[in-house]
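As structure tokens, the structure follows; a few thoughts come after it.
Note on naming: letters A, B, ... go to the chains in the order of the sequence lines (proteins, then strands), and numbering restarts at 1 for each one. Keep in mind the model is a prediction, meaning the values are calculated, not measured. All values below come from the heavy atoms of this structure, side chains included, with hydrogens, waters and symmetry mates left out.
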2 protein chains.
Amino acid sequence: MRDEKGLAIGELSRRTGVNIETIRYFERVGIVATPPRTSGGRRVYGAGHVRVLGFIRGARELGFTPAEVRAILSLGGPAQASCSEVREIAAHHLERVRAKMADLAQLESLLATTIDRCEGDGAASCAVIELLDQYTTT
Amino acid sequence: MRDEKGLAIGELSRRTGVNIETIRYFERVGIVATPPRTSGGRRVYGAGHVRVLGFIRGARELGFTPAEVRAILSLGGPAQASCSEVREIAAHHLERVRAKMADLAQLESLLATTIDRCEGDGAASCAVIELLDQYTTT
DNA sequence: AATGCCTCCTGTAGCGGCTACAGGAGCAAG
DNA sequence: CTTGCTCCTGTAGCCGCTACAGGAGGCATT
């Protein structure tokens with residue numbers, strides 16, 4: 001299957017960096033459209049699929065949730081979605097990123113402080129174990 | 001099962017904030033020890049289980065991975081693990097937290113910049129879609 | 001003792017987002 | 001035709017839980 005007009009799934013996978021099995025999974029759950037087949041039953045992909053799969057990969061790598069990716073795709077995907085709607089989804093994602101950063105900053109501070117107080121085996125108690133032990137009675 | 005000497009699983013769950021089903025799961029996968037039973041077949045838990053489950057919950061809530069939790073437990077858990085070893089695991093976790101923070105800071109910056117450049121539907125192109133579209137050809 | 005209600009038991013399946021594999025068919029080159 | 005590679009479908013699995021069905025145990029009340 002080396003037709004100029006379409007790609008086999010392996011070639012699509014190499015082009016987009018998305019796993020063959022993941023591509024089939026995406027088709028099965030409706031994230032990407034079902035492609036036409038050869039008479040032998042093999043899938044034939046075109047430029048639209050190349051674009052959409054690359055887009056999905058980019059969004060996932062930037063931390064957009066699968067639900068957000070689906071939402072953008074249901075707006076028409078990269079070719080048709082309205083900019084203001086995509087921008088709104090991205091802004092929401094940015095809020096989540098900022099909230100996670102704030103959580104991690106708190107956690108980092110707590111861990112660093114506790115580890116600093118930890119004196120190792122010679123001490124009568126262990127600051128890290130004490131920290132983790134706090135939940136013993138709720 | 002209201003014996004002074006032991007707790008039933010429901011009471012253990014209320015005491016530790018760990019789900020009944022999760023407690024059974026932990027026993028099944030070996031994270032916590034199998035407790036003795038009544039003649040009727042009910043599990044009877046003691047103070048050791050209360051402590052370990054609380055500890056597990058604390059560690060998970062602070063973001064320690066299941067593998068890290070298991071590592072600490074295999075060192076003897078909160079009652080017996082050596083402080084220096086637990087501290088080392090915590091320090092490694094702190095490194096991961098810091099790395100994640102750095103990743104998120106980069107991502108936050110990229111998203112914020114891109115969203116700022118996004119002018120909405122009136123523009124000829126969409127900065128957010130362009131960003132996500134970068135992966136179309138690898 | 002019987003009843004009713006709550007708790008606990010085992011076994012199994014499911015969630016999400018993929019990932020992997022078995023067994024067989026298709027396809028192209030030599 | 002043979003060979004070697006790609007692709008197909010169907011199924012199961014990863015992880016860390018979470019949920020449920022059907023039935024048994026336990027306790028208080030009548």
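- When rounded to the nearest whole Å, the span between CG of A:L12 and P of D:dT6 equals 15 Å.
- At whole-Å resolution of the value, OH in B:Y45 and C1' in C:dC8 are 10 Å apart.
- In this model, the phosphate group of C:dC8 is not approached by any side-chain N or O of B:R43 to a distance below 4.0 Å at OP1 or OP2.
- Between B:E11 and B:R14 there is a salt bridge, since at least one side-chain N of the basic residue sits less than 4.0 Å from a carboxylate O of the acidic one.
- Minimum heavy-atom separation, A:R117 to A:A127: NH2-CB, 3.7 Å.
- In this view, A:E88 satisfies the salt bridge (Lys or Arg N to Asp or Glu O under 4.0 Å) rule with no residue, not counting sequence neighbours.
- Across the protein-nucleic acid pair, A:I20 atom CD1 and D:dC5 atom C1' stand 11 Å apart, rounded to whole Å.
- In summary, B:E68 and B:R96 engage in a salt bridge, as defined by a charged side-chain N under 4.0 Å from a carboxylate O.
- Here B:E119 pairs with nothing under the salt bridge (Lys or Arg N to Asp or Glu O under 4.0 Å) rule; sequence neighbours left out.
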Protein-to-nucleotide contact annotation, 5' to 3' order, nucleotides 11-25 of chain D [B base; S sugar-phosphate only; - none; under 4.0 Å, heavy atom]
-----BBBBB---BB

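- Between A:R37 atom CZ and D:dT9 atom C1' there is a gap of 9 Å when expressed in whole angstrom units.
- Here the P atom of nucleotide D:dC7 and the CD atom of A:E11 are 9 Å apart, to the nearest Å.
- With hydrogens and angles ignored, the 3.5 Å screen pairs a side-chain donor or acceptor of A:T114 with a backbone N or O of A:L110.
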